[in-house]
**Q** 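One structure follows; several queries about it will come next.
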Amino acid sequence: MTDSQVPENRGKLARRTVLMASGAAVTAVGVGGALSVNASAEEAAPKTHASAETCYTLTSELVEGPYYIDADKIRRDITEDQEGIPLTLELKVIDADTCKPLRNAAVDIWHCSATGVYSGYESSGNGGGGPAPTGPPPSGTPTGEPPTGGPGGGGGGGHQEPTDDDRFLRGTWHTDRHGHVTFKTIFPGWYQGRAVHIHTKVHVDGTWTDAGYEGGHTCHTGQFFFDEKSVLASAEVAPYSTNTSTRTTLTEDTIYPQNGHTGGLLYLKYDKRNIAKGVRAHLTMGVAPDETHDSSDTQPSPSASPSAS
């Protein structure tokens, strides 16, 4: 499919019927370089699953969160007018059983702004829990127990209806014949109760039309995460530096599976002396295209804030 076949700003993705299914473990593959922060030998090749019948472990299914809006924008550049550190997100989607790339799959991503605000829910403010905070930003690494207050409303996988028409930092695009899809966006900010993250969905068996992507089913719902070094570096750059929300680290986050790249932790590459120049992120997702997985698959742990999604 060419760019001309899929309009940049048109198209609605039909709401899909979803089934309950269990989550699974994940292995990810990334790319490295001289400026890479967390590249490793894992990048060389996919890990072989313990079972001879599976060549790649499934990417973890994680809660959808309350702020998903069903494919409002068919586009690769989701930045709009949002300020922040440029982020290029490169994904590869493969069948975990065969390791064959999934061609023409529809991939959604969405995340909050540099100050923790989700488009479509701006009236709810930072993370859906009131106005974005102002004043001197917090310094140092968060310590102590994970925050329990969380952003308001929504709860776990529960969906909230949008409160406004803005759709910045949201988009859907198709994978190419190699299973690759690339998005242009900004490095996400944070809000109380969650580590820095990006939400994602993968839809298959649908049809691309002039109106967008129709039919099919959701075979994966997950989240991507950023290591602590990159988040601390971003916090020194405006407008992230104006965000005074209590920040949650990966080790404090109750939705992140705490299993490194296998749980959605992105491979990152950037100039450690000047992250403001931009960040490249990469991950391979192993999915089960014949299965259906959406927000009901995995709920936050009992210790999680019921609304920090």
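Note: hydrogens, waters and symmetry copies are ignored here, and every other heavy atom, side chains too, is used. None of the values given here were measured: they were computed from a predicted structure.
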**Q** Does a donor on one side chain sit under 3.5 Å from an acceptor on the other, for Thr59 and His220?
**A** no

**Q** Restricting to side-chain contact (heavy atoms from CB on, under 4.5 Å), what partner residues turn up for Thr88, sequence neighbours left out?
**A** Glu90, Thr182, Lys184, Arg280

**Q** Who pairs with Ala233 by side-chain contact (heavy atoms from CB on, under 4.5 Å), at least two apart in sequence or on another chain?
**A** Ile275

**Q** With sequence neighbours excluded, tell me which residues meet side-chain contact (heavy atoms from CB on, under 4.5 Å) with Asp205.
**A** His217

**Q** I'd like to check Leu62 versus Tyr256 (side-chain heavy atoms, cut-off strictly below 4.5 Å). Are they in contact?
**A** no

**Q** With Asp108 as reference, evaluate Thr221, Thr218, Thr200, Thr172 under the side chain to side chain donor-acceptor pair (under 3.5 Å) test and give the passing residue.
**A** Thr172

**Q** Does the side chain of Thr249 pick up a donor-acceptor pair with the side chain of Thr251 at under 3.5 Å?
**A** yes

**Q** I'd like to check the side-chain contact (heavy atoms from CB on, under 4.5 Å) partners of Ala195; sequence neighbours left out, ordered by chain and number.
**A** Leu250, Asp253

**Q** Between Tyr191 and His197, how do the two ring planes meet: parallel, tilted or perpendicular, split at 30° and 60°?
**A** perpendicular

**Q** Output all residues satisfying side-chain hydrogen bond (donor to acceptor under 3.5 Å, both in side chains) with Ser113, sequence neighbours left out; order by chain, then residue number.
**A** Thr115

**Q** Within the structure provided, determine whether Pro188 and Phe226 are in side-chain contact (heavy-atom separation under 4.5 Å).
**A** yes

**Q** Relative to each other, are the rings of Phe187 and Tyr240 parallel, tilted or perpendicular (30° and 60° limits)?
**A** perpendicular

**Q** Going by the rule salt bridge (Lys or Arg N to Asp or Glu O under 4.0 Å), which residues pair with Lys277 if we only count those two or more places apart in sequence or in a different chain?
**A** Asp271

